[in-house]
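Only a predicted model underlies this, so the values are computations on that prediction, with no experimental measurement involved.
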Number of protein chains: 2
Amino acid sequence: MTKERMVNRIIGAGLKNTKYRVNIIEMLSKTDELVSAQEIYNRLLKKSIFINLSTVYRTLDILVDNKILNRVTIEGEKQSFYEYNRDIHHHFLICRGCNKIIPIYDCPLEDYEQKLKSESGFVITGHRVEFYGYCDECRKNLI
Amino acid sequence: MTKERMVNRIIGAGLKNTKYRVNIIEMLSKTDELVSAQEIYNRLLKKSIFINLSTVYRTLDILVDNKILNRVTIEGEKQSFYEYNRDIHHHFLICRGCNKIIPIYDCPLEDYEQKLKSESGFVITGHRVEFYGYCDECRKNLI
DNA sequence: ACGCAAATGCAAATCATTTGCATCTAAATT
DNA sequence: AATTTAGATGCAAATGATTTGCATTTGCGT
């Protein structure tokens with residue numbers, strides 16, 4: 001993604017265009033990893049970008065509110081993770097061996113949600129799915 | 001569940017039979033709600049059971065390790081919740097209006113896991129599914 | 001360039017949870 | 001039944017992720 005498009009997303013949301021917002025969006029838009037606030041801070045530091053950790057948190061909050069990023073929580077992890085919002089519905093496959101997190105762009109629940117709606121009276125607005133297990137490499141080391 | 005059976009589960013896990021362990025199992029086995037550590041503390045206090053909050057946490061950890069309870073985390077909530085483990089695979093339907101959490105004893109993912117395994121090489125050991133939305137009553141108040 | 005609302009830095013607060021250590025208790029042993 | 005001891009508990013303090021108050025700085029419309 002071009003820096004110009006990042007700036008457009010920031011301004012389009014009615015936010016001020018600041019260097020740190022661009023830095024954070026830039027970093028996350030270049031990976032499909034889930035990254036924690038502390039890890040974002042660390043990676044920026046490595047590039048000599050001296051942002052305060054509380055600014056990282058505030059920036060993440062605002063970018064999540066404006067749907068530029070997604071906040072993701074993982075079972076058993078106390079910190080939150082962030083990803084660039086590509087507006088593609090997806091879930092995660094999480095390796096309990098190496099903690100690798102792999103997005104899956106295929107959703108098994110679309111039909112099921114309809115059924116649930118008619119049975120429960122709930123209006124379903126979203127869902128979360130995570131699969132846990134061991135990836136190919138870690139499986140080999142399990143024995 | 002009888003108190004005797006609770007004690008058996010405790011002893012069967014190789015743990016000492018203490019009043020607080022029984023108190024916590026008893027409370028959770030009588031509801032299908034998800035209850036937080038602090039809420040467990042509050043409910044016991046209301047029954048004049050004076051347990052220390054750190055004992056609540058330690059007891060929950062041990063009972064989860066021994067599969068007598070389940071620890072559940074909910075997207076967007078920072079604390080953990082606990083339920084009595086009835087060994088019945090289930091998921092949750094969470095109302096964003098009133099925060100009610102309803103278990104669903106019907107799983108849409110069994111077939112899908114097989115597919116995922118063959119496509120990704122992952123050995124799947126578990127999954128988590130949550131549905132978010134608005135229950136009948138809250139939906140009426142949304143307008 | 002000027003002014004103001006929004007963004008940032010810094011330190012301290014908060015909230016859920018964990019830990020160290022002294023004391024107590026369940027239950028195994030004598 | 002008294003003794004022993006590993007494990008359980010209480011209490012206060014520590015921890016880790018996140019949030020907040022307030023002073024200062026910056027983006028951007030005028």
Side-chain angles (χ1 to χ4, degrees), chain A residues 3-4 6-26 34-45 48-66 68-82 99, chain B residues 3-4 6-26 34-45 48-66 68-82 99:
Chain A
K3 203 162 276 195
E4 198 194 340
M6 295 177 212
V7 173
N8 282 342
R9 291 210 68 175
I10 295 171
I11 293 173
L15 301 172
K16 281 190 187 173
N17 165 35
T18 74
K19 57 182 172 176
Y20 297 139
R21 286 172 181 176
V22 174
N23 292 149
I24 288 177
I25 293 173
E26 187 171 23
L34 295 181
V35 190
S36 69
Q38 182 66 56
E39 177 65 16
I40 289 170
Y41 173 88
N42 295 151
R43 292 190 191 183
L44 291 177
L45 194 60
S48 301
I49 295 168
F50 303 101
I51 185 176
N52 192 278
L53 185 58
S54 62
T55 304
V56 173
Y57 277 106
R58 273 191 279 230
T59 303
L60 292 171
D61 282 350
I62 284 184
L63 296 178
V64 168
D65 287 348
N66 287 284
I68 295 170
L69 304 180
N70 298 326
R71 177 182 284 116
V72 177
T73 60
I74 299 296
E75 180 87 44
E77 302 266 5
K78 55 183 77 176
Q79 81 262 49
S80 294
F81 296 89
Y82 299 86
N99 292 314
Chain B
K3 204 162 275 195
E4 198 194 340
M6 295 178 211
V7 173
N8 282 341
R9 290 210 68 174
I10 295 171
I11 293 172
L15 301 171
K16 280 191 188 171
N17 164 35
T18 74
K19 56 182 172 176
Y20 297 140
R21 286 171 181 176
V22 174
N23 291 149
I24 289 177
I25 294 174
E26 186 172 25
L34 295 181
V35 190
S36 68
Q38 180 66 57
E39 177 66 16
I40 289 170
Y41 173 87
N42 295 152
R43 292 190 191 182
L44 291 177
L45 193 60
S48 301
I49 295 169
F50 303 101
I51 184 175
N52 193 278
L53 184 57
S54 62
T55 304
V56 173
Y57 278 106
R58 272 191 279 229
T59 303
L60 291 171
D61 283 349
I62 284 185
L63 296 179
V64 168
D65 287 348
N66 286 283
I68 295 171
L69 304 181
N70 298 325
R71 176 182 285 115
V72 177
T73 60
I74 298 297
E75 180 87 43
E77 302 267 4
K78 56 183 78 177
Q79 81 264 49
S80 294
F81 296 89
Y82 299 86
N99 293 314

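- With hydrogens and angles ignored, no donor-acceptor pair under 3.5 angstrom links the side chain of R21(A) to the base of dG27(D).
- Note on S80(B): a side-chain N or O is less than 4.0 Å away from OP1 or OP2 of dT17(C).
- Of the possible donor and acceptor atoms, none in the side chain of N66(A) sits under 3.5 Å from a partner among the backbone N and O of I68(A).
- dG9(C) atom P lies 12 Å from atom CD1 of I49(A), rounded to whole Å.
- If you measure from atom CG of L53(A) to atom P of dG9(C), you get 11 Å, rounded to the nearest angstrom.
- At whole-Å resolution of the value, OH in Y41(B) and C1' in dA16(C) are 15 Å apart.
- Separating the OH atom of Y57(B) from the P atom of dA12(D) is a distance of 17 Å, rounded to the nearest angstrom.
- Between T59(A) and dT8(C) there is a side-chain polar atom (N or O) within less than 4.0 angstrom of OP1 or OP2.
- Between the side chain of Y20(B) and the backbone N or O of F50(B), at least one donor-acceptor pair lies under 3.5 Å.
- Taking atom OH of Y20(B) as the reference point, atom C1' of dT25(C) lies 11 Å away to the nearest angstrom.
- Regarding contacts with the backbone of dT9(D), a side-chain N or O of T18(B) is found under 4.0 angstrom from either OP1 or OP2.
- At whole-Å resolution of the value, CG in N23(A) and P in dT8(C) are 10 Å apart.
- R58(A) contributes a side-chain N or O that forms a donor-acceptor pair with the base of dG9(C) under 3.5 Å.
- In this structure, R71(B) contributes its side chain and S80(B) its backbone to no donor-acceptor pair below 3.5 Å.
- For a distance-only test at 3.5 Å, the side chain of K16(A) qualifies as a donor-acceptor partner of the base of dA5(C).
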| task | Any chance you could lay out the side chain to side chain contact (heavy atoms under 4.5 Å, CB included) test for I51(B) and N23(B), step after step, and finish with the verdict? | result | CA-CA 10 Å; I51(B) 184 175; N23(B) 291 149; over 6 Å; no

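- Residue N52(B) has a polar side-chain atom (N or O) positioned under 4.0 Å from OP1 or OP2 of dC11(D).
- Ranked by how close their nearest DNA chain D nucleotide is to the 5' end, A37(A) and G14(B) are led by G14(B).
- Atom CD of Q38(A) and atom P of dT15(D) are 16 Å apart (whole Å).
- Comparing T55(A) and F81(B), the nucleotide of DNA chain C nearest to each residue sits closer to the 5' end for T55(A).
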| request: Show the numbers, then the answer: is there a side chain to side chain contact (heavy atoms under 4.5 Å, CB included) between I40(B) and T59(B)? | output: CA-CA 11 Å; I40(B) 289 170; T59(B) 303; over 6 Å; no

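- In this entry the distance linking CG of L60(B) with P of dT9(D) reads 11 Å, nearest Å.
- Of the two residues near DNA chain C, Q79(B) and L15(B), the one whose nearest nucleotide lies more 5' is Q79(B).
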